[in-house]
Amino acid sequence: MPLEPKDVRLRIVTGKGGVGKTTIACALAVQEVRQGKKVLLCEAKGRSRTTEFLGTRSASEEIREVQENLFIVDMNPEAAIREYALLMLRFKPLYNAVFENRLIKTFIRLVPSLGELVMLGKIWFHEQEQHLDKSRFDVIIFDAPATGHARLMLHAPQAMQTTVPPGPLRQNARLIQELLTDMERTALHLVTTPEEMPINEAIELEQAARESLGIHLGTTFINQGIPELCDEDLKQLKSTTLPREWAALKEVLETHALQSRDENQLLQELPAKMLDNALQIPQIIDQKNNRQTVETIADLLEAASHGE
Amino acid sequence: MENKTPHLWTNRKILISVGPGGVGKTTASASLALAAARQGKKTLVMTVDPSRRLANALGLSDLPNVAHQIPSEQFLEYGIELQAPFSAMIPNVKRIFDDLVQRSGLSTHRQLEIMDNPIYQRFSSTLAGSLEYAAIEKLYEVYSSKRYDLIILDTPPAQNVLDFLDAPQRIVDFLSNESVQWLIRPYVKSTHVSTKLLDLGSALMNKTLGKMAGADTMKALAKFVLGFQGMYEGFAQRSIAVQKLLREPQTAFVVVTSGQRQQQQSALHFSKDLRKQGFHLAGFIGNRMLTPNPLLTQPNLIEHFQVALKNAKIEEPNSQLSKALRFNVGRHKKATKSIDYLQSQVGDKPLVILPELAQSSPGLETLAELQRTL
């Protein structure tokens, strides 16, 4: 199963909490860096986890290059709105006079979609950003919040266009919306595990992406599945003679087969279109640290992107 | 795994389960509640975001914000005789806030004005912290009704446990926030000369923010804050009472984690933060962990298995069977290590290990199975 789409400017990674979004986002970033691309990995979870996952320096509000061609940034609504207001007001003393941090925090929390919009605005800005006559970043990977919040966030540009009076903010919302809905530039990658709740959330988000958000789906990642074991395998197991003290092994494998069947059944709930473009990332159990896990997954992605 | 040590709920009236996302907090909380009801505690589990199957199993699908007692016969099927009633509830944020407004003593007209306000609607549904606030508010209400011996509150997943506990204070802070008062200044007539300068700054700020968010939004915001002024006292008092309740010895936290190292580290962080802040810790639940199986640690197990497969004329070494066995051996090794790690980190607090069960979507049978361990 190849990795789809091959070349986009923005990959948005989301899924239910705990399914491994950050691991997948990091692996996507590492894989793109290996192709010689300049990559910006954006986090937006209130706590940078890059150190944990990549073994590099942690992200801050300022963009940092943590290894060659891999840039990371930890976004938050307060910092994003500060940047945005500075661009708009073009005069720092005035900004400081008007904006007090506590006020901004309150304000963002209250005005529907504003915080979400300015973070997407930051991503849009870096997508547009030029350096020496070419794009500063080849690809941006957005390790987005979990499904519920991600959905609100991706809806923010639309919401803002209907609530905000004509002016720069509405104009920006429209540009962000254009980026998100442009299948040449943006792909939404859903991550799920073969479990009920994550699958349901993935199904719901896929539907929202199609019906209301207008964002195109890239490869779906089915993370942490166990090796498949089917009835045929069990039949073979039955015909195998094991020493008596190992009889319990059969039980272990039978339980495994049950779990495997359960997982397959749950996955069938996914719409055919998603399943056709899904990549299974097996549970990785023998790696010493997260970076190794990320590298292993990047290997799988690389193999997939070569269509293997 | 029978242990004779006290239960996690011994001497407690409220248990709050916290943990990072994806560890199965909801299932663990519901199993814990079931175990307590079996042992004779009249128990309520409040769960914020159950799976559809679990909500159905608990009979909660169409019952937001209402405690529902699950008929005890339903558990007989699984060989469980409840010694006390077992109830469950899904708190509903919007309704809890509406209740607060309705109980505020404001005139009906002003109540409707608040509830119609778009900022209120945001505040009471999607605002970060409102779910947490509502859950704690409901907990306090149910606790005060004295209808249960034990209430177990299952919290939304968090990056940081204090986000949850700070929610009531944040809401109060917000309502009393000086900067919010600034926002509404242009909408409140002032005649005092000394405030003129402040008004100027406030107007400038309003204009700038209005440019971003729209003048209508600013007006709605001001109206909302003004509308809530009369309710502030009540909020503040309630928040103090809630904070006190959460720190009393009959209230304790259960930190739920899984076999994954990252989640264990987050969970251990949670427990440290909780203790630092003066909360009581009942113990830890290691959820969905494999039960150690000594067979899987035998040396050369895979090689011997492959020989057996060969003898049975099954193609090797790439058969799914040996792949699956290798996976199980690896998983087992990792699970044993992770149990040891957790054990070494929890100190004097009890750690209950819940096994991973074959079915991946929990129902009553899952709870029935898990509660045995608890």
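On a predicted model such as this, the values are computed, not experimentally measured, just so you know. In what follows, chains carry the letters A, B, and so on, assigned in the order in which the sequence lines appear, proteins first and then strands, with residues in each chain numbered from 1.
Heavy atoms closer than 4.5 Å to chain B are found in both the backbone and the side chain of A/S239. Of the two parts of B/L296, only the side chain, counted from C-beta on, holds a non-hydrogen atom closer than 4.5 Å to a non-hydrogen atom of chain A. With a threshold of 4.5 angstrom between heavy atoms, A/E245 approaches chain B through N, CA, C or O but not through any side-chain atom. Contact of A/L253 with chain B is made through the side chain alone, with heavy-atom distances under 4.5 Å. With a threshold of 4.5 angstrom between heavy atoms, A/E251 does not approach chain B through any atom at all. Proximity to chain A (any heavy atom under 4.5 Å) is restricted, for B/L295, to the side chain, taken from C-beta onward. The contact between A/I226 and chain B is made by backbone and side chain atoms together, counting heavy-atom distances below 4.5 Å.
Between the CD1 atom in A/I284 and the CD atom in A/Q224 there is a gap of 9.0 Å [rounded to 0.5 Å]. For the atom pair A/F53 CZ and A/D143 CG, the distance stands at 8.5 Å (nearest 0.5 Å).
Between chain A and the options B/K333, B/Q265, B/Q298, B/H304, heavy-atom pairs under 4.5 Å are most frequent for B/H304. Counting heavy-atom pairs under 4.5 Å between each of B/L301, B/N293, B/L325, B/N311 and chain A puts B/L301 at the top. When A/L117, A/V252, A/L249, A/V118 are compared by the number of non-hydrogen pairs under 4.5 Å with chain B, A/L249 comes out ahead.
In this structure, B/R331 and A/I285 approach most closely via the heavy-atom pair N-CD1, 3.4 Å. The shortest heavy-atom contact between B/P20 and B/V256 is CD-O, 3.7 Å.
Side-chain contact, A/T147 with A/T14: no donor N or O sits under 3.5 Å from an acceptor N or O.
Test B/Q263, B/Q264, B/R288, B/E356 against B/S258 for side-chain hydrogen bond (donor to acceptor under 3.5 Å, both in side chains) and you get one pass: B/Q263.
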(Q) Test ring-ring contact (aromatic ring centres under 6.0 Å, His included) on A/F125 and A/Y84; report intermediate values, then the result. (A) CA-CA 10 Å; A/F125 177 81; A/Y84 179 67; over 10 Å; no

